[in-house]
Protein chains: 2
Amino acid sequence: MVTNTISRLIENPHNCPVTRAMSIIGGKWKPIILNCIGEKSLRFGKLRQYIPAISNKVLSNELKELEQFGLIERIEYKELPPRVEYHLTQAGRSLLPILHEIARWGKTELAIEIIEKAS
Amino acid sequence: MVTNTISRLIENPHNCPVTRAMSIIGGKWKPIILNCIGEKSLRFGKLRQYIPAISNKVLSNELKELEQFGLIERIEYKELPPRVEYHLTQAGRSLLPILHEIARWGKTELAIEIIEKAS
DNA sequence: AATACTGGTAACCAAATGGTAACTAACACA
DNA sequence: TGTGTTAGTTACCATTTGGTTACCAGTATT
């Protein structure tokens with residue numbers, strides 16, 4: 001069973017949009033996965049190469065959730081050995097501006113320094 | 001003791017900027033807190049009002065981490081009853097474009113629908 | 001003397017998340 | 001027959017995170 005990410009959802013009387021967005025794309029791996037896929041179409045194994053620190057199980061779960069949210073599409077080719085490709089849906093592509101901003105900030109000296117100091 | 005957020009840090013051979021950024025501002029509450037503070041100066045109690053679902057302990061920890069990262073500043077006024085105010089540093093304000101993108105997306109029909117379906 | 005106020009802290013417990021290792025299908029190739 | 005391939009699943013366990021309750025200082029108010 002896939003754990004329901006929306007359990008992270010917070011009842012907020014102000015109905016905060018940031019809360020809503022983070023309930024969907026927050027979490028340790030989702031932005032990284034979405035950013036890896038980007039405009040491309042990626043196989044499961046390729047994602048594992050790009051994000052070696054993620055385990056089979058967790059990657060599989062995260063992909064399922066993203067698919068349930070309609071942010072990515074999973075295409076299974078009936079071949080042997082099996083081939084499955086993931087790509088962003090139109091909804092998923094609407095997240096690209098967020099991902100670009102995050103990536104931009106993550107490239108700054110500031111971000112690099114914060115990580116260094118904290119390590 | 002404050003749990004070290006950087007434990008979330010992922011060793012990534014590609015040295016991914018999204019991973020870096022999410023190690024710093026990822027997590028359930030940080031973007032929400034940063035967004036609440038925004039351009040303002042907010043007291044601890046006010047933050048608890050804006051984010052009622054967060055507990056004392058967790059809010060306190062998150063604020064400490066954000067302060068350690070140099071993203072917010074904590075100013076303690078020697079008054080009675082005590083008054084403490086938090087505001088974004090210049091570094092913290094560099095996150096505003098990310099937060100604005102997240103908030104913008106969180107306001108879309110799409111985000112609202114995803115939350116509804118998943119609830 | 002008791003209560004309220006703010007901004008926390010400490011001890012303890014529960015739940016969510018993440019990780020590991022072994023295993024699977026179904027065929028190709030040696 | 002044994003090995004390799006991909007895309008996972010399963011069971012189990014460890015870590016992380018979050019939540020609850022009680023408590024504190026130090027003054028003002030009732």
Side-chain angles (χ1 to χ4, degrees), chain A residues 1-12 19 22-23 25-33 37 41-68 72-87 118, chain B residues 1-12 19 22-23 25-33 36-37 41-67 72-87 118:
Chain A
M1 215 240 302
V2 183
T3 20
N4 190 0
T5 312
I6 291 297
S7 63
R8 254 194 280 113
L9 188 56
I10 300 143
E11 358 57 56
N12 188 322
T19 304
M22 293 312 292
S23 300
I25 56 156
K28 189 170 171 178
W29 302 106
K30 290 205 180 57
I32 299 172
I33 293 171
I37 299 179
S41 196
L42 279 190
R43 299 180 64 166
F44 188 87
K46 207 69 184 165
L47 273 167
R48 293 229 44 207
Q49 279 178 39
Y50 286 160
I51 320 170
I54 201 172
S55 70
N56 261 357
K57 184 187 98 172
V58 173
L59 177 55
S60 169
N61 282 349
E62 302 280 292
L63 289 170
K64 266 183 208 160
E65 287 182 1
L66 290 172
E67 198 194 353
Q68 278 174 16
I72 64 174
E73 193 183 8
R74 178 182 188 278
I75 301 182
E76 198 175 337
Y77 297 88
K78 302 286 180 198
E79 299 175 359
L80 265 157
R83 179 158 69 104
V84 177
E85 292 199 341
Y86 296 92
H87 64 262
Chain B
M1 218 239 301
V2 183
T3 21
N4 191 359
T5 313
I6 291 296
S7 63
R8 255 192 282 114
L9 187 56
I10 300 141
E11 356 60 52
N12 189 323
T19 304
M22 295 312 291
S23 299
I25 55 158
K28 189 170 171 179
W29 302 105
K30 289 203 181 62
I32 300 171
I33 294 170
C36 279
I37 299 179
S41 195
L42 278 190
R43 300 179 63 168
F44 189 86
K46 206 72 184 166
L47 273 166
R48 294 231 41 207
Q49 278 179 39
Y50 286 159
I51 318 170
I54 201 171
S55 71
N56 260 358
K57 185 185 98 172
V58 173
L59 178 55
S60 170
N61 283 348
E62 303 278 290
L63 289 170
K64 267 184 208 158
E65 288 182 1
L66 290 172
E67 200 194 351
I72 64 174
E73 193 183 8
R74 178 184 187 276
I75 301 182
E76 196 175 337
Y77 297 89
K78 301 289 180 194
E79 299 176 3
L80 266 154
R83 178 158 69 102
V84 176
E85 293 199 341
Y86 295 90
H87 61 88

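The chains referred to below are lettered A, B, ... by the order of the sequence lines, with proteins before strands, and numbering in each begins at 1.
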Open item on the list: Working note: L66(B) + Y86(B), criterion side chain to side chain contact (heavy atoms under 4.5 Å, CB included); need CA distance, chi angles, decisive distance, verdict.
Closed with: CA-CA 10 Å; L66(B) 290 172; Y86(B) 295 90; over 6 Å; no
Open item on the list: Just the rounded figure in Å: distance from C1' of dT9(C) to CD of E76(B).
Closed with: 14 Å
Task: Residue list, side chain to side chain contact (heavy atoms under 4.5 Å, CB included) with E85(A), at least two apart or on another chain - done: S41(A), R43(A), Y77(A), R83(A)
TODO: Output the single nucleotide from dG26(D), dG18(C), dG19(D) whose closest atom is nearest the side chain of K28(A).
DONE: dG18(C)
Task: Spacing of CD1 belonging to I32(A) relative to OG belonging to S23(B), to within rounding of 0.5 Å - done: 6.5 Å
Which pairs, protein N/O on one side and nucleotides 6-8 of chain C N/O on the other, fall under 3.5 Å?
from, atom 1, to, atom 2, distance (Å)
dT6(C), O3', R43(B), NH2, 3.0
dT6(C), O3', P82(B), O, 2.9
dG7(C), OP1, R43(B), NE, 2.9
dG7(C), OP1, R43(B), NH2, 3.0
dG7(C), OP1, V84(B), N, 3.3
dG7(C), OP2, G45(B), N, 3.1
dG8(C), OP1, R74(B), NE, 3.4
dG8(C), OP1, R74(B), NH2, 2.5
dG8(C), OP2, Y86(B), OH, 2.6
dG8(C), N7, N56(B), ND2, 2.9

Task: Nearest-neighbour nucleotide for the V58(A) side chain, dT27(D), dG18(C), dG19(D) considered - done: dG18(C)
Task: Spacing of N61(A) atom CG relative to dT9(D) atom P, expressed in whole Å - done: 8 Å
Open item on the list: Nearest whole Å is fine: how far is dG8(D) C1' from Y77(A) OH?
Closed with: 18 Å
- [ ] Enter the distance from F44(B):CZ to R74(B):CZ here, rounded to the nearest 0.5 Å.
- [x] 9.5 Å
Please list, one pair per line, the donor and acceptor atoms closer than 3.5 Å that link side chains of residues 52-59 of chain B to other protein atoms, with sequence neighbours excluded.
from, atom 1, to, atom 2, distance (Å)
S55(B), OG, V58(B), N, 3.3
N56(B), OD1, R48(B), NH1, 2.9

- [ ] Please state how far atom CD in E67(A) lies from atom P in dA7(D), giving the value in whole angstrom units.
- [x] 15 Å
Task: Length of the line joining L80(B):CG and dT3(C):C1', which is rounded to integer Å - done: 16 Å
Open item on the list: I need the CD1-C1' distance between I54(B) and dG18(D), as an integer number of Å.
Closed with: 10 Å
- [ ] Report the distance from atom CH2 of W29(B) to atom P of dT16(D), rounded to the nearest whole Å.
- [x] 21 Å
- [ ] Could you please spell out the steps behind the side chain to side chain contact (heavy atoms under 4.5 Å, CB included) verdict for L47(B) and L63(B)?
- [x] CA-CA 10 Å; L47(B) 273 166; L63(B) 289 170; 4.0 Å; yes
- [ ] Grab the NZ-P distance between K78(A) and dC27(C) for me, whole Å please.
- [x] 13 Å
